[in-house]
Amino acid sequence: MNKVVANADVAIKDIESGMTIMFGGFGLCGIPENCIRAIVNKGIDNLTCISNNAGVDDFGIGLMLQKKQLKKMIASYVGENAEFERQLLSGELDVELVPQGTLATRCMIAGYGIPFVPVLAGVGTEVAEGKETVVRNGRQYLIEEAFDADFAIVKAWKGDTMGNLIYKDTARNFNPLMAMAGKITIAEVEELVAPGELDPNMIHTPGIYVNQIFQGTDYEKRIEQRTVRKRS
Amino acid sequence: MNKVVANADVAIKDIESGMTIMFGGFGLCGIPENCIRAIVNKGIDNLTCISNNAGVDDFGIGLMLQKKQLKKMIASYVGENAEFERQLLSGELDVELVPQGTLATRCMIAGYGIPFVPVLAGVGTEVAEGKETVVRNGRQYLIEEAFDADFAIVKAWKGDTMGNLIYKDTARNFNPLMAMAGKITIAEVEELVAPGELDPNMIHTPGIYVNQIFQGTDYEKRIEQRTVRKRS
Amino acid sequence: MALNKEQIAQRIAKELQDGFYVNLGIGIPTMVANYIPSGINVVLQSENGLLGMGPFPFEGDEDADLINAGKQTITTLPGSAIFDSATSFGMIRSGRVNLTVLGAMEVAENGDIANWKIPGKMVKGMGGAMDLVAAAKNIIVAMQHTDKAGNSKLLPQCTLPITGLRCVKKIVSDLGVFDITENGFVCREYAPGVSIEEIKSKTAGKLTIADDVKEITF
Amino acid sequence: MALNKEQIAQRIAKELQDGFYVNLGIGIPTMVANYIPSGINVVLQSENGLLGMGPFPFEGDEDADLINAGKQTITTLPGSAIFDSATSFGMIRSGRVNLTVLGAMEVAENGDIANWKIPGKMVKGMGGAMDLVAAAKNIIVAMQHTDKAGNSKLLPQCTLPITGLRCVKKIVSDLGVFDITENGFVCREYAPGVSIEEIKSKTAGKLTIADDVKEITF
């Protein structure tokens, strides 16, 4: 059992053009910076990308948009990205907008081996078009399908060589859900430790869900909205 | 906001005969001993009990069986309990046997506001009788409903006065799932601490799910199968 | 005089009760946190995965790993809890979040809300808005009563793409406080100096004035 | 001579591969852990909520909070992870557990299994068995070939209440190793000293003997 790889280039070596990839993170918080960089360098294209957001113009998933590597984006909110809007309006990019809780839940159920889930979000809206509905207790629910991704790429704070992961603060967000959901899951971590260094009670993603793991480098961790208080 | 109550008697004061109650724990591991004792003392009956197991003859949920407080038991495995078997075969007790993963998932979806879930477990068996089925990707799934419990009673290792909970080892089991699932959730903990003493990253059950919390006393923590190695 | 944004937030804050778990949307709703009545404990939820959202960090203490749903740097408080985004929306869907406050472009007299898309103009996505409006127990909308051209945003029915059906319970606009009932908008309070006539003229949807209508107090 | 229980477990252990996540049922399956081939790393899953199940604790180190699915006191290992029971079955359902080994009362030639109930006699419940057989990627059954009266337990169809349909891939019994195929049971290996004739006479379901059938080795 050897899940440890040297770096992002090795981790993503089996990702090919045309594949579907999940990326953890919310905005620029908790995104797998190393793997995104490696995919941009590799230059594959026609990718379908499942991620809550699409990065900003010059960082995160925005870097893949700049290089026109994406065929389709599945996300809940993409408002931080002018190039995204341009590609969408020009028809270069196919976009499926998914309510945020539905997006999270469609990842989760993939990880639980549950094929679909009934949700209230989107009933009566554009999101409901073409979807099956059911009524329970007098309320209408949309049937939403589990995602089916070739790879999930997540970013954690600490991980061990067995693949166990711990996230820090709200950089957790979609990461543990996507870690469970990919056919193959790649985890990049800020600190890779030996088995036994993490408390078994405090693991957020059990190692069984992680196929490849490496310690990332040069994290920029860009802040989108720097809001502060003055010290009094 | 005051979730802290003095003891189990106060915590369970609104539980009445005829109600449906979830009890956390797997076997005798991680069961809410204080609340079970208090319910036995209170002497209410006609309860519907949702719990993976039914305790043993003289401990855990078995104590409620002895006093004939249960009308119905919803569980996955009840093999440790002769009084249970007697009441079942005599028709005194109604029993719904549920596959363990389905039981866990029906708790979880209640906590997620999801009304039903498709599962593979039980297809083609007695469990499927009378249940709706659907086919996805060539496989048949049973439609299983979210549980609807008046109260969930769970046991945690540590908790704070905001209701945040941390479980220890495999005493976690069904506890966090049921904590999310009850209309009202009562948590008993071995150690109750002030807000800020638990790391926000290491909370297993966020306090929003817990309505009442108290520090339990006199935990027996009985072991069902004491298996050991000789020291060499 | 019509309320300013701070006053809208301040009026909404009066709806808070001790022990409430509250989700505040971006914009005016965020400002509600500044007016939580004294003696009341409220826990703020941020739908990316945090209960117990604290104030902005002191300069230099910003942490890229700790942001709210508006992507602003924030802090935790004693008793905070962090969780994944599915758990976060699970709390909302299962009715554990007591109150959601959010903005709107349009609200219809039956409680429909539109706040996520202007066809051909704005393609940002719905984020968590559809989940929140579909599932939250109690939704208050903070909004301007009219658009910049003076057209009512309280309508017989929404003209923009819908975010959710029959979900808004109450509106606090710059002109007043409105419940949404089976009979459409019911004006319960008016802003100081705003006339009932003005409210009537600026409300396109079905409007009733409550018998006990009164001036907003803070 | 037919295999004893330890030998059945030992033969099943040969099916383990490096990196496998394995769920072992109660009884003979549990013993498989004693025969993991050297040089192979296997992680044991306990469906109550543990990956990386270690051996029984030393006397005096038992902890009531740390048990396996058979309710036995156990230990963790470096790299273990604890989780709730829904996550545990999520791993199984989503195909992340590579192998499940469990016992059976009856197996049918199409892979149906019965192992949870004897009507009128045994009302213990299915525990996790129905979830495991319905969802596990690869299921090996460890069982006695016949009951105490000498009746075959490898049948044309199950007579006891079913645990799961068409799910068993392989059986290791005291008499041999059998794959389950579209043509029913296929005998791949026989226990040392057990004749093909004996296997045929004790197998009620449709049986084929593989062309390359051979004696079991350990």
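Please read all numbers here as calculations on a predicted model, not as lab measurements. Below, chains carry the letters A, B, ... as their sequence lines are ordered, and counting in each starts from 1.
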Are A:T102 and A:E144 close enough, and set up right, to give a side chain to side chain donor-acceptor pair (under 3.5 Å), and what steps lead you there? CA-CA 8 Å; A:T102 298; A:E144 295 276 7; 4.8 Å; no

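- Contact count against chain A (heavy-atom pairs under 4.5 Å) is highest for C:S85 among C:A134, C:A129, C:S85.
- Ion pair C:E59/A:R229 not flagged as a salt bridge, since none of the NZ, NE, NH1 or NH2 atoms sits closer than 4.0 Å to an Asp/Glu carboxylate oxygen.
- Counting heavy-atom neighbours within 6.0 Å of C:Q157 CD, excluding the residue itself, gives a total of 12 or less.
- Contact of A:V98 with chain C is made through the backbone alone, with heavy-atom distances under 4.5 Å.
- A:R172 touches chain C through its side chain: at least one heavy atom from C-beta onward sits under 4.5 Å away, while N, CA, C and O do not.
- Interface residue A:R139: only side-chain heavy atoms are found under 4.5 Å from chain C.
- Aromatic ring centres of C:F178 and C:H145 lie closer together than 6.0 Å.
- Of the atoms belonging to A:E96, not a single heavy atom falls under 4.5 Å from chain C.
- A salt bridge is absent between A:D57 and A:R86: the closest approach of a Lys/Arg side-chain nitrogen to an acidic carboxylate oxygen does not fall below 4.0 angstrom.
- Between A:K168 and A:E190 no salt bridge is recorded (no basic side-chain N to carboxylate O distance below 4.0 Å).
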Evaluate side chain to side chain donor-acceptor pair (under 3.5 Å) for A:N52 paired with A:S76, printing each intermediate quantity in order. CA-CA 5 Å; A:N52 190 60; A:S76 89; 2.7 Å; yes

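- For a residue to count as touching a neighbouring chain, one of its non-hydrogen atoms must lie under 4.5 Å from one of that chain's; by this rule C:D112 does not touch chain A.
- Enclosure of atom CZ in C:R166 is not indicated, since only 12 or fewer non-hydrogen atoms of other residues, nucleotides or ligands lie within 6.0 angstrom.
- The most heavy-atom pairs under 4.5 Å with chain C, out of A:V127, A:N175, A:V95, A:L120, come from A:L120.
- Ranked by heavy-atom pairs under 4.5 Å with chain A, the first of C:A69, C:G49, C:G60 is C:A69.
- No more than 12 heavy-atom neighbours from other residues, nucleotides or ligands sit within 6.0 angstrom of NZ on C:K5.
- Of the residues considered (C:T76, C:V133, C:I82, C:D63), C:I82 shows the highest number of contacts with chain A, using heavy-atom pairs under 4.5 Å.
- Using a 4.5 Å cut-off between heavy atoms, A:N53 touches chain C through its side chain atoms alone.
- Interface check for chain C: of the options A:M108, A:R106, A:H204, A:K221, the most heavy-atom pairs under 4.5 Å are formed by A:K221.
- Salt bridge absent: A:K71 and A:D94 never bring a charged side-chain N and a carboxylate O closer than 4.0 Å.
- Contact of C:F89 with chain A is made through the side chain alone, with heavy-atom distances under 4.5 Å.
- For a residue to count as touching a neighbouring chain, one of its non-hydrogen atoms must lie under 4.5 Å from one of that chain's; by this rule C:T163 touches chain A with the backbone only.
- Among the candidates A:L97, A:L177, A:V78, A:T105, the residue making the largest number of heavy-atom pairs closer than 4.5 Å to chain C is A:L177.
- With chain A as partner, the option from C:T87, C:L132, C:D61 having the largest number of non-hydrogen pairs under 4.5 angstrom is C:D61.
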